Asks: 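Just passing along the structure, written as structure tokens.
No experiment lies behind these values; they were computed from the predicted model shown. Order of the sequence lines fixes the chain letters, A, B, ..., with proteins taken first and strands second; residue numbering starts at 1 for each chain.
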Amino acid sequence: MDYQFKDIEKKWQQFWADHQTFKAEDKTTKPKYYVLDMFPYPSGAGLHVGHPLGYIASDIFARYKRLKGFNVLHPMGYDSFGLPAEQYAIQTGQHPAITTEANIATYRRQLDQIGFSFDWSREVRTSSPGYYKWTQWIFMQLFNSWYNKDADKAESIAKLVSHFEQNGSAGINAVCDEEILSFTAAQWKAMSNQEQQAELLKYRLTYLRESTVNWCPALGTVLANDEVKDGFSERGGYPVEQKKMMQWSMRITAYADRLLQGLDTIDWPEPLKEMQRNWIGKSVGASVKFPIDNAANIKSLTTNHYIEVFTTRVDTIFGVTFLVIAPEHELVDVLTTPAQKADIEAYITKTKKKSELERMADAKTVSGAFTGSYVLNPLNGEKVQIWIADYVLAGYGTGAVMAVPSGDQRDYLFAKYFNLPIVPIIDLQKIDIEADPTKEGKYINSDFINGLTYKEATAAVVAKLEAIGAGKAKVNFRMRDAIFGRQRYWGEPVPVYFKDELPYLIEESHLPLVLPEVDKYLPTESGEPPLARATGWNYKPHPNPTRKGGLSEQAANYRETADPVYYEQLKEFSQAHRNQPTEAENILWQLLRNNQSGHKIRRQHSIGQFIADFVSLQKGLVIELDGHHHKLNKEADDARTEVLNHFGFTVIKFTNDEVLENPTGIVEKIKLKLDSLPDRDKTLLSGDADSEVKVSPTGGDLEGADAFEYELSTMPGWAGSSWYWYRYMDANNDHEFASKEAIAYWKDVDLYIGGSEHATGHLLYSRFWNKFLKDMNLVVEEEPFKKLINQGMIQGRSNFVYRLIDELGRGTNTFVSYGLSKQYQTSPLHVDVNIVENDVLNIDKFKKWREEYANAEFILEGGKYICGVEVEKMSKSKFNVVNPDDLIERYGADTLRMYEMFLGPLEQSKPWNTNGIEGVFKFLRKFWRLFHNDAWEFTVLNEEPTKAELKSLHKIIRKVEEDIDRFSFNTSVSSFMIAVNELTDLKCNKRSILQDMVTILSPYAPHICEELWVLLGNEAGTLSYAPYPKFNAAYLIEDEFAYPISINGKTKMNLSISLSLEPKDIEASVLANADVQKYLDGKAPKKVIVVKGRIVNIVL
RNA sequence: GCUCAGAUGGUGGAACUGGUAGACACGCAGGACUUAAAAUCCUGUUCCCGUAAACGGAGUGCGGGUUCGAUUCCCGCUCUGAGUACCA
């Protein structure tokens, strides 16, 4: 048979799913290898052709590692909390869980048909309670920790408390807030609990802090910087104001230095590391205190009698001619003299109108105002003017800068503008037209460092400052603590409640804190986050619903209807089902939970010996969802219905497809049914007569006088993705985020593939959480991702048609081919790339594409309509989106996989272009044909292979090994083509050669290889774990080599010479050659270079 | 401005440590098979001069340098892409 990719691919995808072929082992003697793709957000648009690029590369690598004898962990899951689903929910009222579920289903279908070897038994979703329970748990660990600088690691807050109790605040060297109290042990003990908690919050690794946000009252939400344009929201154009807000923050700055150091230990692309280094922004310098002149006479100057600055060029301190402080600086009022008051106030008013972004963006205009006061240079006592200017930001460093106009361009412009002195401080400085920040040369005008070099001067100045107590060497980081709260609905609830305005953790046994239902996904009218809409959602820490005097209510309730004989077993089953719901079950559950139908619905609840998918105990209605399983067991199913009827239950059934197509319609039907039913007769189920149906309490609906408010903001998008690689190690663990054994075995990710857009977000936060978990002894590695590869972005490639324009500038219905378009007046229009092949427009399809083109006319070149081309972002509006589904339909997954790799180096960005895909498809067909005769009958011989055949095989064995090791997948695809071309020329159909070829090719094109593997007589499913063929260099040894003979470095001809000859003999043999003599033209060569096995070069 | 990456035929790209530039594929041109088309197969295809061909010259963004020999190493520049920014 010809190569039937559709049947083959369907068959093997089903086989892998049925046999769990790629399930990673937990207990094995094999070495481990963990290959991970960056967590996808399941967007509504589904996969486009750019997404699978990295997944295909990682899949090839994973499959290759299996062949090489590794136990490979290659999981996939979804970062399923996020803004798009919430936006959609706001617009349509559709629960984000449902949208997300549907999107995941699309993703899964698309991923499956590309033939990835994921271990789906470990799938995780950040939005499922079973997952975010542990995100919340890690949050709790961060809350319960502080950073001990002396130990250089995070420690338990209990340890800090015991230190306070014994020694007070003395001797603590922590990363913490700036305004901490100093106290003795006795004073600590005398504090109220509330005072103590308030103080501890200043140390916790996650803490509440007031921060400024872009608040949009009209939208009732906080906007990111890039959602604000010129003081108005990008969406809707409503005014945006700066608002202070209490926000959860993560003390990532505690880890700044370790995050920086760690970069040297990991194998990541250099540009990516550089980005992180810049982001962390470590600068080594000094802090210097400038005493305020005449401080004693300034009224209300109570605290500091100096202004502190941070500088990276402390060596330039003698060039300081003025000081600039931020307009918001706390000392501005105090320092402003009466004469300057009007100026300063006017300037501050002006500044207030600018956003922080605008202040940073405007680099050209120089502005500022003099306060009228002075500081003294601590090293020479010179009087220095104090100015305010908006280029200095209060939030950065100390909010003050020492200005050195000779060395800093910004200070230079400022000094020129306001006529302030500019003092050169280095002899080589050239400062006639601009500042010169050089470090070369010797110092001048600089007191005791005159004549010194940069290094000497810096050391001398720091030493002097320290000696007189006016400053010290200091390291500053650009990175700030990360805000960890979002005023959104679709995210993890923060496991915190408030008592007397202070945050406390909920009890661990109450995790997960489940996201409550709300009527709308919008902020409240008073501007509170959407969670404030949840009715009765508050926390009551006690009494603890544990089973002191018997069963908890929930458990009792469960036992109520369960057959006692099977109780334990049933409980286990239903728990497992709840943790792994099907798509349809999950969607339906989101719509039925929390009495949304007006009735209490339970899921996976046991009745007799059975487990019902959903049940209302009150009404006795069982709702069953049918998958394939039930269809196959019609008899058993009917029997079950009969028994349930007997117990007084009504059973209604829906298929999964019905639920997926129209979930709300199904819910309507269920409601109608429930309303029409009388209450169930409870006497029918044995032992059930006098038990009372109670609504079981969840963490959410506890009632009581002393219930407390939960935190109403949710966690940001990066929370769930900051630890997910550990969950894959032990994805179904109910007791821990991952077991100690699993973590000890899998340790870290060996290969991580994804885009560089995550450089300063996900990849930095993940490293931070990982280091924290390491400090807590919960994980074993300091760095989570040992090796990282950035896949390049796939850009779109747009096609254009050129519409003829008439004399009046109006568009006509005539289109000019690209090559002729310059001879006419035309305007280019995007045309759908899917009706263009190799830049030739399919005219029939074009006419059908849009009604208005039905009668279009064309001016052709060479009988064809050629389209113009441009590289742009891939987007629907540009009609350049290529969907993998279409390509798989036409060519199959194996072709798509190989073509995406063939496109070029993985790391490089490139425009998507389907032009070459035919070649890859032809290659696979040619490969298939090696195993078949002219009549397409499978024909493979058991003959001994020839030398030439063995050479082809071993060349490719080695080539693919080398290429995969350096992630050069495109070159290995080319090599496969060469090998198959060679074997075709040799008419090779020898089993020993072809079977090895199948193994080598299988990571790239797994479906066709599985099929051929079985045709060759091997057991189905064994290919994925077959040993990779062993390379034997002996087959590649050559006796002769065609030496290129060059004259003065220009190749003139080739001469075959035995490789056993030594350079001296080669030279003699070359010079004796008649053709060479012709080139020499009787002249004696000056020099002859011979490199054995490489080249001969004759210099004349 | 700074940091990083890149620039090779009509196109995607190859050349791994300085040693035959353009592998492999697309496209294009010509041919075979066919009533025809599709599919398939064969041949050619860096540019220029010349041309039946041999042959000759130029050539890896631009200008220099090191070397017997440079796409590869060094110096200077241009352009493209990514990140980042009054960060003290």
Side-chain angles (χ1 to χ4, degrees), chain A residues 2 269-279 281 283 285 309-313 324 359-366 389-393 395-404 408-411 413-414 476-480 756-757 759-760 790 792-793 795 797 837-840 862 869 871 899 902-905 907-920 922-923 925-926 929 959 962-963 965-966 968 970-979 981 1042-1054 1085-1091 1093-1100:
Chain A
D2 197 353
E270 202 46 50
L272 190 67
K273 289 196 199 180
E274 202 55 35
M275 267 191 250
Q276 291 212 343
R277 285 193 192 106
N278 289 338
W279 192 263
S283 43
V309 304
F310 176 78
T311 176
T312 51
R313 288 295 301 273
V324 187
R359 279 170 64 174
M360 291 193 288
D362 183 11
K364 293 198 182 70
T365 39
V366 176
D390 62 9
Y391 72 77
V392 178
L393 303 173
Y396 188 82
T398 59
V401 180
M402 66 176 217
V404 185
D408 183 289
Q409 183 60 16
R410 202 182 48 212
D411 297 344
L413 291 173
F414 197 88
N476 220 33
F477 290 98
R478 197 181 85 111
M479 184 167 65
R480 303 188 208 178
S756 59
E757 67 269 21
T760 49
N790 275 136
M793 277 202 289
Q795 293 148 313
R797 186 177 188 277
E837 201 162 338
N838 288 324
D839 297 333
V840 177
V869 174
V871 172
Y899 182 61
F902 184 63
L903 216 48
E907 296 95 328
Q908 220 164 287
S909 285
K910 56 221 150 208
W912 175 262
N913 181 350
T914 318
N915 286 354
I917 197 166
E918 290 278 347
V920 174
K922 278 189 214 162
F923 155 75
R925 208 161 163 248
K926 210 165 170 181
R929 214 166 43 181
K959 176 71 177 162
E962 284 172 356
D963 284 352
D965 284 344
R966 59 193 174 104
S968 173
N970 56 325
T971 50
S972 47
V973 175
S974 299
S975 307
F976 276 123
M977 292 175 172
I978 295 169
N981 287 348
Y1043 279 90
I1045 311 298
S1046 37
I1047 314 277
N1048 291 335
K1050 288 275 168 201
T1051 310
K1052 297 293 178 187
M1053 65 178 120
N1054 286 310
K1086 276 193 198 135
K1087 199 173 171 186
V1088 178
I1089 289 114
V1090 178
V1091 183
R1094 287 268 192 200
I1095 199 170
V1096 177
N1097 188 15
I1098 300 166
V1099 186
L1100 288 177

Asks: Just to be sure I understand the rule, does K273(A) reach a base, reach only the sugar-phosphate, or reach nothing, if contact means heavy atoms closer than 4.0 Å?
Replies: nothing
Asks: Examine A39(B): is either OP1 or OP2 under 4.0 Å from a nitrogen or oxygen in the side chain of R929(A)? Give yes or no.
Replies: no
Asks: Is it true that N1097(A) and K1087(A) share a donor-acceptor pair across their side chains at a distance under 3.5 Å?
Replies: no
Asks: Any base atoms under 4.0 Å from Q908(A), or only sugar-phosphate, or nothing? Heavy atoms, all strands.
Replies: sugar-phosphate
Asks: With C1' as the reference atom in both, quote the distance from G83(B) to G27(B) in angstrom, rounded to an integer.
Replies: 36 Å
Asks: Quick one: label D411(A) by what it contacts on the DNA or RNA (base, sugar-phosphate, nothing), any heavy atom closer than 4.0 Å.
Replies: nothing
Asks: Quick one: is K926(A) getting a side-chain N or O under 4.0 Å of the U40(B) phosphate, OP1 or OP2?
Replies: no
Asks: Holding to side chain to side chain contact (heavy atoms under 4.5 Å, CB included), I want the full list of residues that pass it with E918(A), two or more places apart in sequence or in another chain.
Replies: E837(A), Y891(A)
Asks: When both hydrogen-bonding distances must be under 3.5 Å and the geometry is Watson-Crick or G-U wobble, what is G63(B) paired with, if anything?
Replies: C75(B)
Asks: If anything within 90° of 0 is syn and all else is anti, what is G9(B)?
Replies: syn
Asks: If you look at every strand shown and take non-hydrogen atoms under 4.0 Å, does F923(A) touch a base, only sugar-phosphate, or nothing?
Replies: nothing
Asks: Give one of base, sugar-phosphate or nothing for P269(A), where a contact means two heavy atoms less than 4.0 Å apart.
Replies: nothing
Asks: Checking base pairs now: Watson-Crick or wobble, both atom distances under 3.5 Å. What partners C33(B)?
Replies: none
Asks: On RNA chain B, does the nearest nucleotide to E918(A) precede the nearest nucleotide to M402(A) from the 5' side, or the other way round? Give the residue.
Replies: E918(A)
Asks: So what does K1086(A) hit on the nucleic acid, given a heavy-atom distance under 4.0 Å: a base, only sugar-phosphate, or nothing?
Replies: nothing
Asks: Does N981(A) reach a base, just sugar-phosphate, or nothing at all? Heavy atoms under 4.0 Å.
Replies: sugar-phosphate
Asks: Report which part of the nucleic acid S909(A) touches: base, sugar-phosphate, or nothing (heavy-atom distance under 4.0 Å, all strands).
Replies: nothing
Asks: Assign R1094(A) to base, sugar-phosphate, or nothing according to its heavy-atom contacts below 4.0 angstrom with the strands shown.
Replies: sugar-phosphate
Asks: State the pairing partner of A53(B); accept Watson-Crick or G-U wobble contacts with both distances under 3.5 Å, and report none otherwise.
Replies: none
Asks: Which base, if any, makes a Watson-Crick or G-U wobble pair with A5(B), both distances under 3.5 Å?
Replies: U80(B)
Asks: My understanding is that only residues two or more places apart in sequence, or in another chain, count here; which of them pass salt bridge (Lys or Arg N to Asp or Glu O under 4.0 Å) with R410(A)?
Replies: none
Asks: Are any protein N/O atoms closer than 3.5 Å to N/O atoms in nucleotides 67-69 of chain B? If there are, list each pair with its distance.
Replies:
residue	atom	partner	partner atom	Å
C68(B)	O2'	N1097(A)	ND2	3.3
C68(B)	O2	N1097(A)	ND2	2.6

Asks: Does C87(B) pair with anything, Watson-Crick or G-U wobble, both distances under 3.5 Å, and if so, with which nucleotide?
Replies: none
Asks: Who does G19(B) pair with, Watson-Crick or G-U, both distances under 3.5 Å?
Replies: C68(B)
Asks: Only counting residues at least two apart or in another chain, list the ones meeting side chain to side chain contact (heavy atoms under 4.5 Å, CB included) with I1095(A).
Replies: P1044(A), S1046(A), V1091(A)
Asks: Can T971(A) and D963(A) be counted as having a side-chain donor-acceptor contact under 3.5 angstrom?
Replies: yes
Asks: Could you say whether P271(A) or R966(A) is positioned toward the 5' end of RNA chain B, judged by the nucleotide with the nearest heavy atom to each?
Replies: P271(A)
Asks: Using atom C1' in both nucleotides, what's the gap between U66(B) and C16(B) to the nearest angstrom?
Replies: 23 Å
Asks: So, using side chain to side chain contact (heavy atoms under 4.5 Å, CB included) as the criterion, who are the partners of D2(A) when residues are at least two apart?
Replies: Q4(A), R925(A), W936(A)
Asks: I'd like to check K926(A) versus N981(A) (side-chain heavy atoms, cut-off strictly below 4.5 Å). Are they in contact?
Replies: yes
Asks: Please determine, for C28(B), whether a Watson-Crick or G-U wobble partner exists with both distances under 3.5 Å, and give it or none.
Replies: G44(B)
Asks: Does E962(A) have any side chain to side chain contact (heavy atoms under 4.5 Å, CB included) partners at least two apart in sequence or in another chain, and if so, which?
Replies: R958(A)
Asks: May I ask you to verify if any side-chain N or O of R480(A) is less than 4.0 angstrom from the OP1 or OP2 atom of C87(B)?
Replies: no
